[in-house]
A.B. asks: 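Handing you this structure, nothing more for now.
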Amino acid sequence: MKTVFINCSPKKRFCASAYFLFLQRLFVVGEKVCEKLRTPADHARILEQLRDAQAVVFGLPLYVDAVPSHVLRFMEEMERFCRENGLKLSVYCVANNGFIEGKQNEPLMQNFENFCSRAGLTFGGGVGIGGGVMLNVTRILFIVDIGLLVLNTLLSEINTGNLFPRDAWISFAENAALLLYFNLGVLFYLARQGGHIRKGTAGGKKYTRILIPSFIFILFADIFFVIISVIDGGIFRGWLAKKEPSET
Ligand SMILES: Cc1cc2nc3c(=O)[nH]c(=O)nc-3n(C[C@H](O)[C@H](O)[C@H](O)COP(=O)(O)O)c2cc1C
């Protein structure tokens with residue numbers, strides 16, 4: 001069985017869609033093909049991959065309560081392609097949004113349901129994930145956590161000859177458990193959807209979010225966006241991206 005995973009985020013690096021598609025792939029067996037959809041130049045290559053596939057999983061962000069416009073263009077072309085070639089794929093999606101409630105992805109799911117019915121495809125279901133940006137940050141925090149553990153182990157070995165610093169391991173385990181907890185809803189529904197992809201059945205639309213209380217989410221989101229605004233448009237994209245010379 002061949003499943004094509006399409007990362008539809010327009011971002012080049014560090015997108016939440018890549019993270020959630022990575023988790024989704026853990027629960028799917030068989031041949032797995034990963035594609036990236038950013039521009040019309042990607043269309044033909046991805047459509048060719050769909051020819052002999054049984055399932056396709058779209059990983060995408062919610063833009064203005066709907067499917068991003070560059071994905072809509074692709075869906076229009078895919079609709080024609082599937083009709084002309086008599087393809088009978090099952091379509092799944094993993095959508096994420098910036099606000100906390102995953103339920104905000106409902107209109108996007110309806111876009112996919114309508115697309116499937118027009119293209120003669122089967123809508124297998126989707127998982128809508130709220131707090132996507134923050135969940136994406138948890139994977140960075142996990143890597144930082146591992147880095148700190150390695151550093152503490154090295155320092156402990158150098159200073160005391162002890163290769164197993166108990167406190168550092170306890171702190172690592174506590175942090176890792178907390179990050180895992182934030183992701184539990186996502187893992188549960190992606191595992192469930194993975195089962196449906198494997199069996200080719202429909203799992204319906206499910207919504208989840210980062211597992212923290214909304215007032216804590218709002219506090220952190222406010223701090224995050226104030227910092228982003230102060231540094232004029234972004235940490236990773238603003239600081240590290242190549243700048244085009246200004247017209248003015
Ligand atoms: C143009 C644009 C429109 C957006 N519209 C919404 C929206 O309507 N609701 C929402 O909760 N988040 C919205 N977001 C936030 C994204 O859904 C969120 O940042 C998502 O995690 C990005 O996923 P990605 O990293 O995979 O691209 C929007 C972001 C952009 C850039």
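Counting starts at 1 for both ligands and their atoms, following the listed order. What you see below is based on every heavy atom in this structure, not just the backbone, and it leaves out hydrogens, waters and symmetry mates.
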A.B. asks: Polar-atom distance check: C15 versus ligand 1, any N or O pair below 3.5 Å?
C.D. replies: no
A.B. asks: Are any of the side-chain nitrogens in R51 or E48 under 4.0 Å away from the carboxylate oxygens of its partner?
C.D. replies: yes
A.B. asks: Closer than 4.0 Å to some heavy atom of V133 - which atoms of ligand 1 meet that?
C.D. replies: 18 (C), 19 (O), 21 (O)
A.B. asks: How about CZ on R45, more than 12 heavy atoms from neighbouring residues, nucleotides or ligands closer than 6.0 Å, or not?
C.D. replies: yes
A.B. asks: Check the pair F112 / V67 against side chain to side chain contact (heavy atoms under 4.5 Å, CB included), numbers first and verdict last.
C.D. replies: CA-CA 9 Å; F112 272 94; V67 171; 3.9 Å; yes
A.B. asks: Taking atom 14 (N) of ligand 1 as the point of reference, which of L62, L21, L60 owns the nearest heavy atom?
C.D. replies: L62
A.B. asks: Roughly how far, to the nearest 0.5 Å, is the CZ atom of F5 from the CZ atom of F58?
C.D. replies: 12.5 Å
A.B. asks: Verify whether one side chain among Q110 and K205 offers a donor that lies under 3.5 Å from an acceptor in the other.
C.D. replies: no
A.B. asks: Under 3.5 Å between any N/O of P61 and any N/O of ligand 1: does that happen in this structure?
C.D. replies: no
A.B. asks: With nothing but distance in play, are any N or O atoms of P10 less than 3.5 Å from an N or O of ligand 1?
C.D. replies: no
A.B. asks: Quick check: Y63 and ligand 1, any N/O pair under 3.5 Å apart?
C.D. replies: no
A.B. asks: Does ligand 1 come near enough to G132 that some N or O of the ligand is less than 3.5 Å from an N or O of the residue?
C.D. replies: no
A.B. asks: Would you give the length of the straight line joining atom CD1 of I6 to atom CD of E35, rounded to the nearest 0.5 angstrom?
C.D. replies: 7.5 Å
A.B. asks: Using a strict 4.0 Å cut-off to heavy atoms of Q104, name the atoms of ligand 1 that fall inside it.
C.D. replies: 11 (O)
